[in-house]
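Heads up: the structure comes next, in structure tokens.
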Amino acid sequence: MELEKAYNPTEAESTHYKRWEAKGFFAPEINENPNAEAFSIVIPPPNVTGSLHIGHALQHTLMDVLTRWKRMQGFKTLFLVGVDHAGISTQLMVTRQLKKDEHKTPQDIGREAFTEKVWAWKNKYGGTITNQIRREGLSVDWSRERFTMDESLSIAVRNVFVRLYEEGWIYRGTRIVNWCPRDKTVLSDLEVKEETKKDGKLYYLQYPVKDSDKKITVATTRPETMLGDTAVAVNAGDERYRDFIGKTIELPLTNREIKIIADEYVESEFGTGAVKITPAHDPNDYEIGERHNLEKIVIMNADATMNQNAGADFEGLDRYEAREKVIEKFEELGLLEKIDDYEVVLPHCERCKTVIEPLLSEQWFVNMSEMRDMALDLMRKENAPHFSPQVPHEKVYTAWLENLKDWTISRQLWWGHQIPAWYDEAGNVYVAKNKEEAIAKAGTDKLTQDQDVLDTWFSSALWSFSTLGWNGETTETEDLKTFHPTNVLVTGRDIIFLWVSRMVMTSLKFIGEKPFSDVIIHGTVLDKNGQRMSKTKGNGIDPLDVFDKYGVDATRMTLAGSSTGADFAWRDEKVESFRNFANKIWNATRFCLLNSEGAQVDYTFLNPKEEAREIVRLLGDELIDIDEEDEEFLDKVDPQFAKDNPKENLSIADRWIISRLNKTALAVNKALETYQFHEAVQLLYHFFWDDFCDWYIELVKDEITSVEVNTRRDAARSRIITIIEQSLRLLHPFMPFLTEELWQKLPNTSADLHNAAYKSAEQTIMLADFPKGDANLIDEKAETEMQAVIELIGKVRNIRAEMNIKSGDKSAIHIAANRDLQKIFTENEAQILKLGRASELKIGETLDVPKASARGILTGGAELAIPLEGLIDFEKEHERLENQLEKLNTENEKLVKQLSNQNFVEKAPPEKVKDLRERMAEIDMQTITLAENMKALKQ
RNA sequence: GCCCACUUAGCUCAGUGGUAGAGCAUCCGCUUCACACGCGGGAGGUCGCAAGUUCAAAUCUUGCAGUGGGCACCA
């Protein structure tokens, strides 16, 4: 079989996903093992209006890696997908569309027609994000796809609302809220973003005191609110104002008189020490107003224009026009003391960036204290959920809960879950899960439903269980039993409060258990200059462009390979290097397939001990007395059998790569267990590229490509192809498309390679058993021996490069070494000759080479020399050796210093001291040899 | 104001109480029959600054500086 010369992701990406989805591989039902342990993840539902951004791609990759990994391990796996109705965003988007297409506002067409339009919009465009999720290769179960406004999820919302209301935790009240004049809705504190405005002003207004020629100066950043003032407050301890307390102010621009009151809140040192009090337009003033029973005058409309309470001169003006006019008038009256430059921090609507107006308004709230305590208890007693990284998220999460305020849940929108509260003609409220029940409660059918909808996060808060079938009426479902609590939630830190904490609270309250065990908080993808990506800056990275350019798998590797939890700057070069890696995998496989005649994927080629155990069984235990832990055990089984059976005839390189493979597999599993995705990526990258491609393939190349047909060659071919097969499995969770594409091409891959839970499924790598790694196959001896070979070849290459020997010129290699090393080098003679581009290898106890030789020192006291008759530049060689000597000396100095420190020798662990002594002995030996070599050069 | 994180090679980032790592970039050499999206070989860091703990600190502690983030805010 011959593959294209380079991996082309497009085709693999378009074919495999369709098949996986069509064959039902993503659904948990594919798992045939009735006792399989469950593993579940729910996706943080992206906005239905949204399209994929790079942050999604990161988050989704991590979830899919975990899911695919667990699925391959035989877990009954559910990766639940769904989208969020995203109240405000969606409503704004459709409103914009309506204006553009029909020049109408939602009010023009009415609530019913408008929501119909939104549904139509949702049905038409809502699939954008889900199609992009398919493009990413996510192994989500589409048969369980959910939408926050699905019937069952909506029922859940209403039931939760009713129950919290009945228990007294949801209430309707009049409070100062965050009002967005542009979206014309209230927002929760979490949807408000503070921004510093450097060119703000602080206005000093003089208020005349009644029956006096005195004036009190108040400072304010929002002078227009003075039209709603109902008091001036000072601190009772403030000498300056003591006599004014209880007196009356004639409030300019209005016909009102307001009192001067004393309140602790006022800090005498700040401003003028006197504060104008506007209870209807400032949260602190509201508090003061409550304490002093002040009138609350609302002076603005929903769009932040002034209303009639502001007076005829101001009614209809925008708040900023009103501000100017108030100042003008104060100036005219001679009551404007001064205007200072002042840095103000203003709340903005997170979505539309409009300055928030604090406004007195009647809204629905949830008092979270009970659920908050449940969540805090869970953290205290079970340390759940476990955040990863734990620092700083656990602390931030806990601190936020501890200071939790009531949650404003009503929104003045039409798109969302309409609040299940009805009012009779007298204005009495009846909260019920539907109109019929409300009628029953009210005893009349003359009811109107509350016009507002719930905060989008109210339904999201139920996501972990509402998606599994719980809706308050149906409270036990098979899915809930099987998949709840979910295992892990992967999300960004910006929604720890908005979503994570609220899911914990509602889940504890309504299901009686946590929604998930672990929370992985991933980092933020920044642009290449380390700046946050934003639409306004236009510095965003479109993942779809990256997919097109480099392939989905390379993108996934890049994302998973970034340090878990840390922010990182996006670099196309990084994706490029993983694109190259994908191509490397492609070509390594291509090479093996070009030489795959007679080969088959067969794991016993990689597990000689397992095979040998079988031999023992075949031969009968009584014939041989062996210890399976014995390193030389294979040889003792039956030397002749081993010789005849190529499966047993493993070279150092074979045992080495098998050892490396198993170490890697063990480490990858461990890394994933602790959510160290980048660690797993590094391990796989280096195993495959450095160990497997750079060394193993090169070492066995001649054997594999031999034209002579024999069982030994075929065994080598099977071995290398089996290593590829195992590597592809390890890589699959990260690079699903490439690995499936190649796996399908390997000889002899079939459903037999599946995890036992998927035996009936059609063959696919995504159901293959994930390699655990076998500690018994780790062969430290082979690794040490291989290290010696690698070191030797490296030294030879180094000499050849530094001495400018042409790659076509072959030279002899002379080696002096002890018996152990001699044996290793002899066993690998062919490979050393090939990779060292050598004509001959002379191995002995001592070196016997001409003066015109380049020398090298190896670990373990071995030396090597390359005779370079006529080629050697003595000056250059001397310099090269001098360089090496210098390095050794530097290291030696450190060691001498350390080892002559009595404290170190006495207090450091003996093993450490021994290591250093050995290293020093090694250096001594090498130094002597080097010196001799240099001397020899000069003779 | 309070809290937190980060500061390691030119760039982007790993990393562990015990001789500093990767990718990219850079330099040298290779059309070596899987791959130039490649191969081989180099160069490059007193691990932000200062002090402390320790036999030993890039790693732990404290302080400082810079950068970024969160929370709370005074009219």
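Convention: sequence-line order gives letters A, B, ...; per-chain numbering from 1. None of the values given here were measured: they were computed from a predicted structure.
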Could you tell me whether [X] contacts a base, only the sugar-phosphate backbone, or nothing, with contacts defined as non-hydrogen atoms closer than 4.0 Å?
{"X": "A:R222", "value": "nothing"}
{"X": "A:A588", "value": "base"}
{"X": "A:K405", "value": "sugar-phosphate"}
{"X": "A:C592", "value": "nothing"}
{"X": "A:V345", "value": "base"}
{"X": "A:R579", "value": "base"}
{"X": "A:D694", "value": "sugar-phosphate"}
{"X": "A:E267", "value": "base"}
{"X": "A:S562", "value": "nothing"}
{"X": "A:K887", "value": "sugar-phosphate"}
{"X": "A:Y342", "value": "sugar-phosphate"}
{"X": "A:K806", "value": "nothing"}
{"X": "A:F568", "value": "sugar-phosphate"}
{"X": "A:L895", "value": "nothing"}

Which value, in whole Å, describes the distance between the [atom1] atoms of nucleotides [N] and [M]?
{"N": "B:A9", "M": "B:C64", "atom1": "P", "value": "25 Å"}
{"N": "B:C11", "M": "B:G70", "atom1": "C1'", "value": "28 Å"}
{"N": "B:A20", "M": "B:C35", "atom1": "P", "value": "39 Å"}
{"N": "B:C47", "M": "B:A14", "atom1": "C1'", "value": "12 Å"}
{"N": "B:G63", "M": "B:A22", "atom1": "C1'", "value": "33 Å"}
{"N": "B:G52", "M": "B:A57", "atom1": "C1'", "value": "11 Å"}
{"N": "B:C33", "M": "B:U19", "atom1": "P", "value": "41 Å"}

Would you mind checking if [Y] and [X] are paired as a salt bridge, meaning a charged N to carboxylate O distance below 4.0 Å?
{"X": "A:E290", "Y": "A:K296", "value": "yes"}
{"X": "A:K894", "Y": "A:E891", "value": "no"}
{"X": "A:E357", "Y": "A:R222", "value": "yes"}

Side-chain N,O ([X]) to OP1/OP2 ([N]) below 4.0 Å:
{"X": "A:W689", "N": "B:C39", "result": "yes"}
{"X": "A:N580", "N": "B:G38", "result": "yes"}
{"X": "A:K193", "N": "B:A72", "result": "no"}
{"X": "A:N403", "N": "B:C71", "result": "no"}
{"X": "A:K395", "N": "B:C4", "result": "yes"}
{"X": "A:H678", "N": "B:A22", "result": "no"}
{"X": "A:K574", "N": "B:G23", "result": "no"}
{"X": "A:Y204", "N": "B:A75", "result": "no"}

Side chains of [X] and [Y]: is there a donor and an acceptor less than 3.5 Å apart?
{"X": "A:Y207", "Y": "A:D229", "answer": "yes"}
{"X": "A:W689", "Y": "A:D691", "answer": "no"}
{"X": "A:Q926", "Y": "A:E922", "answer": "yes"}

- prompt: Are side-chain heavy atoms of A:V232 and A:V218 found at a separation under 4.5 Å?
  reply: yes
- prompt: Looking at A:L699, A:I790, A:V796, which one forms a side-chain contact (heavy atoms from CB on, under 4.5 Å) with A:L835?
  reply: A:L699
query: What orientation do A:F677 and A:Y675 show, parallel under 30°, tilted 30 to 60°, or perpendicular over 60°?
result: parallel
With a 3.5 Å cut-off and just heavy-atom distances, do the side chain of [X] and the base of [N] make a donor-acceptor pair?
{"X": "A:K5", "N": "B:C35", "result": "no"}
{"X": "A:Q676", "N": "B:A14", "result": "no"}
{"X": "A:K701", "N": "B:A34", "result": "yes"}

- prompt: Centroid-to-centroid, A:Y203 to A:F330, below 6.0 Å?
  reply: no
message: By nearest heavy atom, map A:V391 and A:K834 onto RNA chain B; which one lands nearer the 5' end?
response: A:V391
- request: By nearest nucleotide on RNA chain B, pick out whichever of A:L916 and A:A219 is the more 5' one.
  value: A:L916
- request: Grab the stems for RNA chain B, please: at least three consecutive Watson-Crick or wobble pairs, both distances below 3.5 Å, written as range with range.
  value: B:1-7 with B:65-71, B:10-13 with B:21-24, B:26-30 with B:38-42, B:48-52 with B:60-64
